[in-house]
Amino acid sequence: MPVGEFTCAAILPVPELPEVETIARGLAKRVTGDLIESVWLGSKPEPLKSPAADIEAALVSKKIADVRRSGKHIVFDLVRNEESAQNPAAQWIVHLGMTGRLLVCSPDTGLEKHTHAVLRLASGRELRFVDPRRFGRLAVIEKFTPPGAEPLSISPSDFANVFRGRKTPIKSALLNQKLLSGVGNIYADEALYRAKVRPRRRAASLSADELRLLHKGLKQVLQEAIRLGGSSISDYVDSEGQEGFFQLKHRVYGREGKPCRRCGTPIKRIVIAGRSSHYCPKCQR
DNA sequence: ACTATTTCCTGGATGC
DNA sequence: TGCATCCAGGAAATAG
């Protein structure tokens, strides 16, 4: 499956901030204004963070006023049919975990294995949640607040403060959703490469310059990935879900042993807190 | 208050 | 060919 410089993650990436952004935009285009007529929730308790009855009660007879991203969460603003979009009665929160997908399809489409939720829409279509590995989560809440700061809007000084005094490796700090919301394994590695910082460095040991570079590199790589993902939204076909939206050329992630694009040194792979981490031993210090 | 480790879960890849 | 084993990783739970 790996094709050229792309890893298999290019075909079915674990959704991080840019992927979730792309998915939320695609969903917003397709289901905004639609009415949820009924809800089916499968498989016992697993993917449900709220009780099934609560989810059903919150969704049924609500109109989807908006779909957007917050961290790695997809937020559906729900309003009662006759009400305006201004004051959502509730929010449906979807976390895709590693393998979660939201499909908009015709009711005739065969139910995929591991389908955990089906929303029947007034337009005649269905919105389905499929998640083989079941790390994804569904919840309803009045008003969602992300645990950490948005990497795309945090100020440089707030960004620096996030890491102040932290002894944990910078890689782990980047992955900590209570600090920053939305950064996953791929973009953490890619941002550290751009900042020329090794993933094992203690977060607190980064200089002001390195923190500036890390902030800039993180924003750049996230925006680039959103841009590339966004360009393929127009290719969405109802039955296909969110396929093929990811086209970023990784510089380190999944490139163990391959030459650094900057200096040719073989990229190293190490494990930090159980997560694979990739870096250039020459460019990153 | 932090930090590190373990656990959940399944499909795909690998090895014998 | 088939079966066992390993590995991927987001985030919550647990332990220190």
Side-chain angles (χ1 to χ4, degrees), chain A residues 1-3 6-21 23-24 42-50 69-75 93-102 111-117 129-139 141 144-151 161-192 199-206 218 222 225 241-243 246 250 252-257 267 269-279:
Chain A
M1 199 161 36
V3 181
F6 296 95
T7 68
C8 58
I11 285 92
L12 257 185
V14 171
E16 303 184 30
L17 187 152
E19 291 76 29
V20 177
E21 177 75 33
I23 291 161
S43 67
K44 311 298 154 8
E46 296 86 12
L48 307 183
K49 237 179 150 180
S50 308
R69 175 195 66 79
S70 178
K72 290 180 201 171
H73 299 263
I74 299 170
V75 180
I93 310 299
V94 178
H95 192 297
L96 299 173
M98 290 184 66
T99 52
R101 285 178 300 140
L102 284 164
L111 261 204
E112 250 186 77
K113 205 177 165 187
H114 307 298
T115 298
H116 303 302
F129 177 67
V130 183
D131 183 18
R133 213 159 295 183
R134 298 203 279 194
F135 281 9
R137 291 292 180 263
L138 308 180
I141 195 168
F144 177 73
T145 40
E150 269 294 326
N161 282 334
V162 158
F163 304 103
R164 189 147 294 163
R166 302 211 172 255
K167 288 195 283 236
T168 196
I170 184 64
K171 170 67 184 280
S172 301
L174 284 169
L175 293 180
N176 185 340
Q177 302 297 299
K178 292 191 176 75
L179 304 180
L180 296 174
S181 287
V183 183
N185 208 32
I186 296 176
Y187 296 102
D189 281 4
E190 294 296 323
L192 286 167
R200 264 215 245 269
R201 286 269 304 279
R202 304 277 141 190
S205 78
L206 270 66
L218 180 60
L222 293 175
Q242 58 274 354
E243 276 176 32
F246 184 86
H250 301 146
V252 284
Y253 185 84
R255 298 193 65 243
E256 181 185 13
I267 297 301
R269 176 184 177 277
I270 59 176
V271 174
I272 300 173
R275 296 289 164 260
S276 64
S277 302
H278 313 73
Y279 69 99

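The structure presented is a predicted model; accordingly, all values stated were derived computationally and were not measured. Chain naming here is simple, since letters A, B, ... match the order of the sequence lines and numbering starts at 1 in each.
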Inset, instruction - May I ask you to test the A:E150-A:L17 pair for a side-chain heavy-atom distance under 4.5 Å? - result: yes
| Is any side-chain heavy atom of A:R200 closer than 4.5 Å to a side-chain heavy atom of A:I272? | yes
- Query: Taking only N and O in the side chain of A:H114, is any of them less than 4.0 Å away from OP1 or OP2 of B:dG11?
  - Reply: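 Indeed, a polar side-chain atom of A:H114 lies that close.
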With the side chain defined as heavy atoms from C-beta on, A:K167 is closest, among B:dT3, B:dC9, B:dG11, to B:dT3
Residue A:K113, side-chain atoms from C-beta onward, closest of B:dA4, B:dG11, B:dC9 =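 Among B:dA4, B:dG11, B:dC9, the one nearest the side chain of A:K113 is B:dG11.
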Protein-proximity profile, nucleotides 5-11 of chain C, B/S/- by nucleotide at the 4.0 Å heavy-atom cutoff, equals ---BBBB
Separation of [N] [atom2] from [X] [atom1] (nearest whole Å):
X      : N      : atom1 : atom2 : result
A:I272 : B:dA4  : CD1   : P     : 11 Å
A:D131 : B:dC8  : CG    : C1'   : 12 Å
A:R101 : B:dT10 : CZ    : P     : 16 Å
A:L96  : B:dT10 : CG    : P     : 18 Å

- request: Fit a plane to each ring of A:H116 and A:H114, take the angle between them on a 0 to 90° scale, and name the class: parallel (under 30°), tilted (30 to 60°) or perpendicular (over 60°).
  value: tilted
Can you classify the ring geometry of A:F144 versus A:H73 as parallel (below 30°), tilted (30 to 60°) or perpendicular (above 60°)?
tilted
#### Entry: Side-chain donor or acceptor of A:Q177 paired with backbone N/O of A:L175 under 3.5 Å
yes
query: Side chains of A:H278 and A:D189: is there a donor and an acceptor less than 3.5 Å apart?
result: yes
